[in-house]
Amino acid sequence: VQLQASGGGLVQAGGSLRLSCAASSRTFSSAVMGWFRQAPGKEREFVAAIRWGVGRTYYADSVKGRFTISRSTAENTVYLQMNRLQPEDTAIYFCVKGTDWDKVMTGKADHWGQGTLVTVSS
């Protein structure tokens, strides 16, 4: 499985970006896809996840109310809409895919994308 993330860039504080992640192989209803991020000098952290079939979502407290994860089953793609971005959101964002909800949320997903850089200026 290959995960191709895109959509990162430079944005001013308060702005928005939408990240996309296309999976190379079919995503089954039991799969979980999500996003992690790693800021310079910090540990990788969970951002959001979605259960493919039913669309159940979960967010880190730091992004709840600002970020929205969604998926397109037709395009086999997961999205992360990021609104009201702040400088502390600056990080490399990684797309992940797995079959176990707990493993995905704890950073043990089966598959990781290459990451896309998001930079938020103040």
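Counting from 1, the numbers follow the sequence of the chain as shown.
Among residue pairs with one or both ends in residues 82-97, those qualifying as salt bridge (Lys or Arg N to Asp or Glu O under 4.0 Å) are Arg37-Asp89, Arg66-Asp89; sequence neighbours excluded. Applying the disulfide bond (SG atoms under 2.5 Å apart) test to pairs two or more places apart or on separate chains, those with a residue in residues 4-121 are Cys21-Cys95. Sequence neighbours left out, not one pair with a member in residues 31-88 passes disulfide bond (SG atoms under 2.5 Å apart). The disulfide bond (SG atoms under 2.5 Å apart) analysis of residues 25-70, with sequence neighbours excluded, yields no pairs. Under the ring-ring contact (aromatic ring centres under 6.0 Å, His included) criterion, no residue pair touches residues 73-95, with sequence neighbours excluded. Note on residues 20-66: pairs passing ring-ring contact (aromatic ring centres under 6.0 Å, His included), not counting sequence neighbours, are Phe36-Phe46, Phe36-Trp112.
Distance check: Thr99 OG1 to His111 NE2 gives 8.0 Å after rounding to the nearest 0.5 Å. A distance of 11.0 Å separates CE in Met82 from CZ in Arg18, rounded to the nearest 0.5 Å. The distance from atom CG of Asn76 to atom CE of Met33, rounded to the nearest 0.5 Å, is 7.0 Å.
Qualifying salt bridge (charged side-chain N to carboxylate O under 4.0 Å, His left out) partners for Asp61, counting only residues two or more places apart in sequence or in other chains: Lys64. Residues that satisfy the salt bridge (charged side-chain N to carboxylate O under 4.0 Å, His left out) test with Lys103, not counting sequence neighbours, are absent from this structure. Residues meeting the side-chain contact (heavy atoms from CB on, under 4.5 Å) test with Asn83, sequence neighbours left out: Ser16, Gln81. Residues passing the side-chain contact (heavy atoms from CB on, under 4.5 Å) test with Ser24, sequence neighbours excluded: Val1, Gln2. Evaluation of the side-chain contact (heavy atoms from CB on, under 4.5 Å) rule for Gln114 yields Gln4, Ala5 as partners, not counting sequence neighbours.
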- [ ] Let me see the working for Val78 and Ile69 under side chain to side chain contact (heavy atoms under 4.5 Å, CB included), right down to the final yes or no.
- [x] CA-CA 7 Å; Val78 65; Ile69 188 170; 3.8 Å; yes
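Residues Gly107 and Arg44 come closest through the heavy atom pair O-NH2, 3.7 Å. What you find for Arg51 and Ser30 is that their closest heavy atoms are NH1-O, 2.6 Å. Here the shortest heavy-atom pairing between Ser20 and Thr77 reads CB-CG2, 4.2 Å.
Leu3 is not connected to Met105 by any chain of hydrophobic side-chain contacts under 4.5 Å among Ile, Leu, Val, Met, Phe, Trp and Tyr, and they are in different clusters. Residues Val47 and Leu19 share a single hydrophobic cluster, defined by chaining ILVMFWY side chains whose heavy atoms lie under 4.5 Å apart. Hydrophobic clustering, with ILVMFWY side chains joined whenever heavy atoms are under 4.5 angstrom apart, groups Val63 together with Val11.
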Side-chain donor-acceptor pairs of residues 115-122 under 3.5 Å, sequence neighbours excluded:
| from | atom 1 | to | atom 2 | distance (Å) |
| --- | --- | --- | --- | --- |
| Thr116 | OG1 | Gly8 | N | 3.1 |

